[in-house]
Amino acid sequence: MKILVIGAGGREHALAWRIKQSPLVTQIFCAPGNAGIGQDVTNVALESHVDIVAFAKKEKIDLVVVGPEGPLVDGLADRLSENGIVVFGPSAKAAQLEGSKGFTKDICRKYNIPTAAYERFYEAGSALAYIKKQGAPIVVKADGLAAGKGVIVAMTEEEALAAIDTIFGGKFGAAGASVVIEEYMEGEEVSFFAFTDGKDAIEFGSAQDHKRVGDGDTGPNTGGMGTYTPAPIMTDAMRAKVMETIIRPTVSAMAAEGMPYKGVLFAGLMMTKSGPKLIEYNARFGDPETQSLMMRLESDLVPALLACAKGGLDKIDIRFKPEAVLCVVMAAKGYPETYEKGTVIRKLDEAATLPHVKIFHAGTAHKDGNIIAIGGRVLGVTAEGTTITEAQKNAYRAVDSIDWPQGFCRRDIGRRAVKK
Ligand code: AMP
Ligand code: GLY
């Protein structure tokens with residue numbers, strides 16, 4: 001089989017690396033990929049959806065795996081399907097589960113899926129009045145995709161009111177044409193993944209991310225600074241409850257609405273005192289959750305991806321190793337705000353030879369014989385161990401052996417799990 005992975009991040013590196021281990025696969029391409037992905041599979045520069053379809057036809061690609069949400073929301077899976085190409089990833093309509101927070105909240109309300117109480121607003125006046133009535137803490141969300149910056153968890157009424165002005169002021173463009181204002185939930189957060197073919201759903205594992213940039217969960221939100229799997233809070237009973245009350249009802253709802261969801265459903269969950277509740281859906285794998293999950297996965301990923309696209313998920317067996325895996329993200333100093341590009345990263349090869357370690361690349365490129373950083377999140381240093389503590393030790397040993405003065409990472413990834 002020939003597989004094409006779409007994307008350029010650490011998530012896509014982890015997917016391509018794992019797919020490469022499948023005995024079913026003969027050749028793997030990644031478009032556009034990055035320096036690290038190019039060490040494992042073949043990178044190809046494809047600019048548009050038209051280019052991707054043409055390449056998949058010419059190369060007789062058996063499966064396209066779409067990593068990021070952008071191309072899904074823009075209809076890449078639809079274009080591929082229309083051209084008879086098998087694709088892992090939802091249609092544009094189904095990807096609204098990530099593309100529109102209001103859409104997802106309305107699905108939850110209609111089908112009784114546990115989530116924070118909410119209202120939708122299309123202009124500032126009524127939104128401001130609602131906030132004044134509800135008081136703080138309260139959460140304000142731009143409806144559309146806003147690169148992870150469209151959610152304001154307001155601890156004061158002033159912050160919430162300011163968020164309304166920012167969003168309706170046009171900061172997020174079309175993504176801010178409407179807002180969701182919702183109840184503030186308290187609890188531990190979990191990233192929960194399920195595979196679905198539009199009818200059946202099976203669990204694919206869970207992980208815990210560290211969203212804030214600084215140690216001790218301080219500073220601004222990021223795309224994710226580190227993960228570990230398994231999440232100790234996800235007992236067997238809890239996992240069954242999430243499948244029962246959140247995932248399966250969503251899959252049935254999407255089918256009933258005439259937009260069956262196929263692919264991976266990534267549920268961001270809040271484990272509240274009154275049970276697990278949905279914070280939001282993503283229509284893709286998590287980044288950096290995938291780096292940890294792919295290293296821990298024991299069974300072949302490819303049949304599961306194919307089954308999501310073609311059906312037959314009921315016959316798929318997903319198995320993870322008993323070991324724990326932890327991923328530390330190394331980012332360019334200044335991230336998630338402005339940062340320098342083009343700085344040289346050294347000693348990556350030495351770090352990669354350490355036991356139980358795999359270094360996934362995100363924003364990297366080749367220049368003059370060196371690997372340079374070209375993005376905010378740059379490396380996902382991922383390690384396994386018999387316990388989270390051991391995985392943590394292995395990961396930080398590799399981090400400390402990388403020579404990149406312009407990079408940084410959180411030093412406390414996994415701390416909460418270790419304490420438990
Ligand atoms: P999202 O982009 O929807 O994942 O939101 C980003 C982050 O905001 C989440 O990971 C949570 O930490 C936080 N958040 C979102 N919605 C809520 C909520 N209703 N209550 C508390 N925190 C929230
Ligand atoms: N790590 C969170 C996400 O992928 O959205």
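Side chains are part of it too, since the values below use all heavy atoms of this structure and drop only hydrogens, waters and symmetry mates. One-based numbering along the sequence shown.
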His13 and Asp40: side-chain hydrogen bond (donor to acceptor under 3.5 Å, both in side chains), yes or no, with the steps?
CA-CA 8 Å; His13 191 183; Asp40 283 321; 2.8 Å; yes
Pair Asp143-Tyr122, side-chain hydrogen bond (donor to acceptor under 3.5 Å, both in side chains): steps then yes or no
CA-CA 10 Å; Asp143 183 73; Tyr122 300 85; over 6 Å; no
Can you confirm whether Lys105 is buried at NZ, in the sense that more than 12 heavy atoms of other residues, nucleotides or ligands lie under 6.0 Å from that atom?
yes
Pairs meeting criterion ring-ring contact (aromatic ring centres under 6.0 Å, His included) with involvement of residues 57-113, two or more places apart:
Phe88-Phe195, Phe88-Phe285
Passing candidate, side chain to side chain donor-acceptor pair (under 3.5 Å) with Thr229, options Glu384, Gln208, Arg296
Arg296
Verdict with reasoning, Trp404 to Val378, per side-chain contact (heavy atoms from CB on, under 4.5 Å)
CA-CA 11 Å; Trp404 182 31; Val378 173; 3.6 Å; yes
Is it true that Arg284 and Glu69 make a salt bridge, defined as a side-chain N closer than 4.0 Å to a carboxylate O?
yes
Ile52 vs Leu4 side-chain heavy atoms within contact, under 4.5 Å:
yes
Would you check if Val86 and Asp62 make a side-chain contact, meaning some heavy-atom pair closer than 4.5 Å?
no
Does the pair Glu257/Lys110 count as a salt bridge with the N-to-O cut at 4.0 Å?
yes
Assess the pair Tyr281 and Phe192: is the distance between their ring centroids shorter than 6.0 Å?
no
Can you list every pair that meets ring-ring contact (aromatic ring centres under 6.0 Å, His included) and has a residue in residues 49-82, with sequence neighbours left out?
Phe29-Phe55
Give me the atom names and distance for the closest heavy-atom approach of Ile247 to Ala201.
CG2-CB, 4.0 Å
Do other residues, nucleotides or ligands put more than 12 heavy atoms under 6.0 Å from Lys93 NZ?
no
Looking at Glu82, I'd like to know if its CD atom is crowded, meaning that more than 12 non-hydrogen atoms belonging to other residues, nucleotides or ligands lie closer than 6.0 Å.
yes
Between Ser191 and Asp209, which heavy-atom pair has the shortest distance, and what is it?
OG-CB, 4.3 Å
